[in-house]
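Input: a single structure, listed below in structure tokens.
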Amino acid sequence: MTNLVSFPSGDVTYYFNSPVSALENYYGSRDIILVTDSNIAAHYPQLLSNYKHLIIPAGEHSKTPATIQNLAERLITLQVSRKSMLVGIGGGVVTDITGFLASVYMRGIALGFIPTTLLGMVDASIGGKNGVNLGLHKNMLGTILQPEFILFDTAFLTTLPDEEWSNGFAEIVKYACLFDRALFEELEQHNVDFYKQNTAALAALVKTCADWKNKTVIADEHESGQRKLLNFGHTAAHAIENLYEISHGKAVAIGMMIAARLSEEINKTSPSITQRLAKMLHQYGLPTTYPIDVEKAMALLKMDKKRNNDSIDYILLEGLGNATITPLSFLTLEKAIASCAQ
Ligand code: ADP
Ligand code: ZN
């Protein structure tokens with residue numbers, strides 16, 4: 001299925017449920033340079049053999065300005081002109097790097113994405129944000145550039161490690177909590193194995209989540225309002241990720257539990273929502289608690305850019321499928337973090 005989605009800064013063609021081999025049919029006449037990482041290159045060698053390609057070492061440590069410089073120099077060696085198109089095939093690391101590279105190489109060249117992780121398909125490849133890290137400062141250098149296309153081929157997920165499936169599901173659960181009660185109820189009925197075995201259900205799930213992200217970004221591409229909702233579970237998660245070696249999905253799962261507890265206290269949501277969320281997170285291989293050092297976490301949160309004076313803007317639920325941005329005192333936040341710090 002092909003959809004054209006119009007963002008304020010440009011139109012993106014979405015090829016849902018499309019085999020990667022169709023790239024040739026869609027863009028065969030263009031000079032394409034694939035950008036991917038060492039894991040994808042090892043799993044899918046035949047894919048790369050048909051195209052000029054650049055391979056980066058897999059992992060977050062590749063997300064540096066030095067990688068951008070190195071890749072740009074390799075593009076010059078390959079005599080890549082502004083008429084060419086860079087296509088990032090990989091997880092969030094690859095699409096972030098490729099997006100940034102495409103936005104600065106010769107002041108901008110065409111871009112496409114083929115996400116190969118569940119997280120990439122439902123979140124990272126969508127919305128136009130890209131970036132690299134500067135030391136500990138995540139995504140400190142980056143731009144917003146919408147790709148020309150995103151191609152979704154869930155066949156890539158057959159080689160995805162289990163931990164990466166759970167990472168993707170953390171974001172999927174996030175969309176359900178924020179926007180979509182029916183999706184929450186669907187997820188309650190299933191588990192990761194169900195979606196691994198039912199490709200139609202998996203493809204539909206990816207499309208549902210991509211649509212939610214598209215809708216949110218179209219309304220607020222530069223994150224001045226509604227796009228902030230996508231940070232549900234992420235404020236505490238970023239603090240936890242800074243302190244511990246923990247995957248993004250696990251940190252977000254714990255962050256969503258903290259936010260659900262806060263929603264009970266501030267917005268008087270039913271405790272049953274928190275209980276159902278906890279059960280679902282376990283069902284999808286995700287934790288609900290972690291031995292967080294509350295003092296250290298609070299010290300980090302007090303430096304968060306969403307901070308006001310004695311409070312911080314926090315995404316809370318008003319009900320299942322419905323969320324708000326609420327200023328929260330640090331004392332209230334500290335109590336909620338302590339309740340998940342086991
Ligand atoms: P994310 O999409 O979670 O932001 P990464 O780009 O870091 O993150 O990808 C997560 C890991 O999964 C990386 O080690 C990457 O090389 C690997 N990976 C990505 N896609 C696949 C795939 N389809 N099969 C196997 N491994 C993959
Ligand atoms: Zn996230």
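One-based numbering, in listed order, for ligands and for the atoms of each.
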Other than Tyr314, what residues sit in its cluster of Ile, Leu, Val, Met, Phe, Trp and Tyr side chains whose heavy atoms are under 4.5 Å apart, directly or through others?
Ile240, Leu243, Tyr244, Ile246, Ile254, Ile258, Leu262, Ile266, Tyr290, Ile292, Val294, Met298, Leu300, Leu301, Met303, Ile312, Leu316, Leu328, Phe330, Leu333, Ile337
Students often mix this up, so state it plainly: with edges at 30° and 60°, are the rings of Tyr27 and Tyr15 parallel, tilted or perpendicular?
perpendicular
With heavy-atom distances below 4.5 Å as the criterion, would you say the side chains of Leu78 and Leu54 are in contact?
yes
What protein heavy atom sits nearest atom 20 (N) of ligand 1, and how far off is it?
Thr116 OG1, 2.7 Å
Just need the protein heavy atom nearest to atom 8 (O) of ligand 1, so name the residue and atom and give the distance.
Gly92 N, 3.6 Å
Under 6.0 Å from the ring centre and within 45 degrees of the ring axis: does the NZ or CZ of Lys207 meet both conditions for the six-membered ring of Phe16?
yes
As an exercise, identify every atom of ligand 1 less than 4.0 angstrom from a heavy atom of Leu119.
1 (P), 2 (O), 3 (O), 4 (O)
What residue and atom, counting heavy atoms only, is the protein's closest point to atom 26 (N) of ligand 1, and at what distance?
Pro161 CD, 3.8 Å
Distance under 4.0 Å to a non-hydrogen atom of Phe156: what atoms of ligand 1 satisfy this?
22 (C), 23 (N)
Under 3.5 Å: donor-acceptor pair, side chain of Thr324, backbone of Thr326:
no
Other residues, nucleotides and ligands only: do more than 12 of their heavy atoms fall within 6.0 Å of CD on Glu245?
no
Thr98 side chain near Leu101 side chain, heavy-atom distance below 4.5 Å:
no
Below 2.8 Å, which protein N, O or S atoms neighbour the Zn ion (ligand 2), ignoring water?
Glu171 OE2, His234 NE2, His248 NE2
Selection from Ile40, Asn39, Ile56, Val93 by shortest heavy-atom distance to atom 7 (O) of ligand 1
Val93
Going by heavy-atom distance to atom 10 (C) of ligand 1, choose the closest among Glu164, Lys63, Glu60, His43.
Glu164
What atoms of ligand 1 come within less than 4.0 Å of a heavy atom belonging to Thr117?
2 (O), 9 (O), 19 (C), 20 (N)
Non-neighbouring partners of Asn39 that pass side chain to side chain donor-acceptor pair (under 3.5 Å), sequence neighbours left out:
none
Under 3.5 Å side-chain donor-acceptor pair for Thr269 and Glu318
no
Asp37: numbered ligand 1 atoms lying under 4.0 Å from its heavy atoms:
15 (C), 16 (O)
Donor-acceptor contact present, side-chain Asn214 to main-chain Ala210, <3.5 Å
yes
Have a look at ligand 1 and work out which part of Leu157, if any, has a heavy atom under 4.0 Å from it: side chain, backbone, both or neither.
neither
Going by the atom numbers of ligand 1, which of them fall below 4.0 Å from some non-hydrogen atom of Ala58?
16 (O)
Using modelled atom types only, decide if a donor and an acceptor are shared between the side chain of Tyr175 and the backbone of Leu183 within a distance under 3.5 Å.
no
Of all the non-hydrogen atoms in the protein, which one sits nearest to atom 24 (N) of ligand 1, and at what distance?
Thr159 OG1, 2.7 Å
Here the salt bridge (Lys or Arg N to Asp or Glu O under 4.0 Å) pairs for residues 287-298, sequence neighbours left out, are none
